[in-house]
Amino acid sequence: MSENYQPHQVEVKWQQKWDETQIYRSQVDWDRPKHYALTMLPYPSGDLHIGHWFAMTPSDARARWMRMRGYNVLFPMGFDAFGLPAEQAAISRNIHPWKWTYSNIERMREQLRSMGSMFDWEREAISCTPEYYKWSEWFFKKFYENGVAYRGSALVNWSESLQTVLANEQVIDGRDERTGQPVVHKMMEQWFFAITKYADELLDFDILDWPEPIKIMQTNWIGRSEGARVTFRTELGGHPIEIFTTRPDTLWGSTFMVLAPEHDLVGVITTEEARAAVEAYVQQTAGETEIERMLEDREKTGVFTGAYAINPVNDERIPIWIADYVMITYGTGAIMAVPAHDQRDFEFARAQDLQIRVVIQPAEMEELLQPEDMAEAYDGPGTMVNSDAMDGSVSTKDKGRANPAIGRVIDWLEATDKGEESVNYRLHDWLISRQRYWGSPIPATYDNGAIAMVADEDLPVVLPEDVDFMPTGRSPLTYHEPFFKVNDSVRRETDTLDTFMCSSWYQLRYLSPDNVEVPFDAEEAAYWLPVDVYTGGAEHAVMHLLYTRFFTKVLRDIGVFEAASAVMRQKGRDPERAFDEPMIVLRNQGQVLGAERQGDYVLCSGRLVGGKMLAHRVEVVGWNEVPAGFDGYFGEIVHRTENVIRLDMAGVTQLVEILPDAEIIIPAIAGENNVNQLRHHLEIQRMSKSKGNVVSPDELVEKYGADAVRCYLMFNFDWQKGGPWNENNIKGPQGWLHDVWEIARDGAPKVEGDPDGERDIERKLHQTIAVVNRGLEEFSFNTAIAEQMKFKNALKAALRERQIGPETWNGVMNQLIRLMAPFAPHIAEELWERLGFEYSVHLASWPAYDADKAREEQVELVVLINGKPRGTIEVAVDIERERALELALASEAAQRSLAGKAPRRTIFIPGRNGSDPKVNIVV
RNA sequence: GCCUCCGUAGCUCAGGGGUAGAGCGCUCCCUUGGUAAGGGCGAGGUCAUGAGUUCAAAUCUCAUCGGAGGCUCCA
């Protein structure tokens, strides 16, 4: 063995061999324990980016490790292939979505292969194929038949830019999460999934080992609040106005009501005198975007409807207002206002000069709380007052029935038929239909409004290919008559399914992607489910991860898992709770950010206006590259907003406004540059094409080899945190691979070795095994690799000192290569072969940790004086307390400190798991 | 405003009541027939700040400051 390490040759060679020998095929084997490792499937955008590598290669390393530990591992891959980008490509570039998507998949599949991952490609699933979406449609139909899917009217989020409705989860701060454009609320008839039926079960994370933040986000998203529903009636006409409150104990303090401007009753109850003002206000708020309405610290505005309601608890006549601080989308869209005990109502009452009545007397206060003395609402604990028969009830900080006052009032409301206990959720039903083409068809038809589902034997409803993409903003299905016209009276649904529906069940399709009879094979499901470990980004916390949990629970309840349960029972596995949750362990990787940089130095040319430069030319240059005779501004960018940059010019700050048509020159970014690209030179940011700071995995593989890239990604980041890209650091893992290669290439030493040295290297090897195990167990890939680097250094040193004989060398190398196999699969396989071991290292067993071998024999006894280390003594690892104290007291440090006196106290701390024993002497 | 996580070497990160650690980077030396490289020696840290508990705190508690993420007129 004499050649140098040529990553590319090695990698291509083994990727082919693995393919040919099918070592990654995973098959049901009831005699072996299973492990279903799943990593989130990519959207086929056309190029695999470094983020995919960062998510997938560590997951692959862990799956490989599980396999070497004896598990039968399923680690599949596929494509989440429906969605808007394909449709937008069709419109803007005149490529059919099928073509665009499939060519992207072809390309990405090759890129995925270059990672050297153990994906079982025989199980690949692609959500936009009829074979796949047949079952998305079938599930939809089952949901409909079981009352989970329904068509209903609701105020929905409409995206003008995407020309479709969106689920609440896809709207962030009033903007569409994809394009960042504002959405508007519209009343529309749409398809929904009744996810709210599962709200309570979705709050239960009992059997899940998921990151705390994800559980919290889902909990917040579901937003369960306990309280009561109470119906108020209008004074005239007796129109019922239902409200939800978490504080029924403050009902007697409700001195007015507020409806959301969109509330149905607004038009009905408004009096003639108030109509003009009310209509003007409704119009004004309708023109506001959700974003404006959600601004904090906004002045409370509203108008009086002229109507009054009767507070059912005390028959008081209270005015009904409308105000935009009440949201139509939460609760009933109407509130009872209790200004004394709710800050928003308080502000509104003060702004509109409405009555404030205290009904909770603060616990620690002697005198009665007076409204005119209040600077803000009181929402603390206290005693109910001004509340008729309820007076004296104790209201604590607790929510719901745990608060005695609330419990008592609810009982009374129910007994007197004025209201009832109620739970409200922030979560709404999942809006599942989209007015887009590139999605799974919805298998519904309409016969003069009567809904029918397409017969099972006619599934799937196939998405027609011969469609025209016209920039009308409408889905081509709506003007494709052969598709939507079933016959003269029957019309087909032209909306398609949200792509999140397709990805809610893909883990099931991997089980049997080619099965045409059922969505998934019962025995495969019985063996592999649930997913044991799921890895992917945290950005899916309240979308995909909530939807797929919901989906699984519905499938369980409508009996889709019954065949699988039967197989489990037959095989002696307990199906109880096996289908309650889709993925048991979840771990999120962080994000790889763009490289960290100093602010760039720029030359700005333009004219000075009022102390500010209006620049028509900005060029990024080196810090010492000022051309002779340059008379503009030169400095480091320290800040940038929109088109204004702030320059630090040798300590003096200058403002530069970049004119709209200014020439921008950034040598590091090819092509035409724009103002936005100046920004990324300032701070660490997400990688994106527009910022010009993307890193191409293909180029990295070319330059360093896939193994080095894999190891760099695992070593240089805390996987669950992510961090800034720094290609220079790839040298670390690269050096590790090179060194291991050279140690292996140099072959077994021709020296006899030293027994102590050999024992020492064995000990270090077993200590390394323990750390690598823990690292992989805990997704701490960086520590697992750092420890192997340390071991490599120790081995190198021992070899140099001629301490290792051939036999030990062989044993150590055999284990060392197996240890590195999950991380650097190609080089490990090559060295494994070269050292004459049997193919394949990836089918070999994982090195067994031997605690006896890992144990140190001699350790340093640390002598502490008053807790401060003052000396060490070499002792046996299992030293007894008496002997340790004796040695410590006799030590030079102790003698010096004690100066002949007796110690006040001595403490012996035995050494455990790697730490040295200590004696603390207090003088 | 609320919730969660996090502040350890220049950088990226381990560790965690009992001597402060790794990789990269850096200094200096050696090698120059493993060579767009290799080897060796070394420097670098009041473990964010302040208080408390303890024989002993980087580690536990509390407060403060700073960072990241999430939620937010939620009735």
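Naming: A, B, ... by sequence-line order, numbering from 1 per chain. All of these numbers come straight from a predicted model, not from anything done at the bench.
- Within 6.0 Å of CD on A:E702 lie no more than 12 heavy atoms contributed by other residues, nucleotides or ligands.
- Between B:rU4 and A:K215, no contact under 4.0 Å exists linking OP1 or OP2 to a side-chain N or O.
- An OP1 or OP2 oxygen of B:rG23 is reached within less than 4.0 angstrom by a side-chain nitrogen or oxygen of A:N793.
- Of the candidate nucleotides B:rC55, B:rC71, B:rG15, B:rC71 has the atom nearest to the side chain of A:N220.
- Remark: A:S225 in residues 223-230 of chain A come within less than 4.0 Å of RNA chain B through at least one heavy atom.
- Contacts of A:E742 with the nucleic acid, taken as non-hydrogen atoms under 4.0 Å apart, include base atoms.
- In this view, A:Q9 and A:Q6 satisfy the side-chain contact (heavy atoms from CB on, under 4.5 Å) rule, not counting sequence neighbours.
- Not one side-chain nitrogen or oxygen of A:N4 sits closer than 4.0 Å to the OP1 or OP2 atom of B:rA37.
- Taking 4.0 angstrom as the limit, A:K731 places a side-chain polar atom (N or O) nearer than this to OP1 or OP2 of B:rG25.
- Using a 4.0 Å heavy-atom cutoff across all strands shown, A:G590 reaches no nucleic acid atom at all.
- Looking at residues two or more places apart in sequence or on another chain, you find no salt bridge (Lys or Arg N to Asp or Glu O under 4.0 Å) involving A:E420.
- Looking at heavy-atom distances under 4.0 Å, A:N782 makes contact with sugar-phosphate atoms alone, never a base.
- Shown here are the side-chain hydrogen bond (donor to acceptor under 3.5 Å, both in side chains) partners of A:S780, two or more places apart in sequence or in another chain: A:N782, A:T783.
- Using cut-offs of 30° and 60° for the angle between ring planes, the A:W210 and A:F205 rings count as tilted.
- For A:R426 and B:rC74, the shortest distance from a side-chain N or O to OP1 or OP2 is not below 4.0 Å.
- Of the listed nucleotides (B:rU4, B:rC24, B:rC74), B:rU4 has the atom at the smallest distance from the side chain of A:P213.
- If A:L861 and A:I335 are placed on RNA chain B by their nearest nucleotide, the residue sitting closer to the 5' end is A:L861.
- The residue A:L864 sits close to a base: some heavy atom pair falls under 4.0 Å.
- In this structure A:R802 satisfies the salt bridge (Lys or Arg N to Asp or Glu O under 4.0 Å) test with no other residue, sequence neighbours excluded.
- In terms of phosphate contacts, A:R800 brings a side-chain nitrogen or oxygen within less than 4.0 Å of OP1 or OP2 of B:rG40.
- Comparing A:F908 and A:M217 along RNA chain B, the residue whose closest nucleotide (by nearest heavy atom) sits nearer the 5' end is A:F908.
- Under the rule for a side-chain contact (heavy atoms from CB on, under 4.5 Å), the partners of A:N220 that lie at least two apart in sequence or sit in another chain are A:I216.
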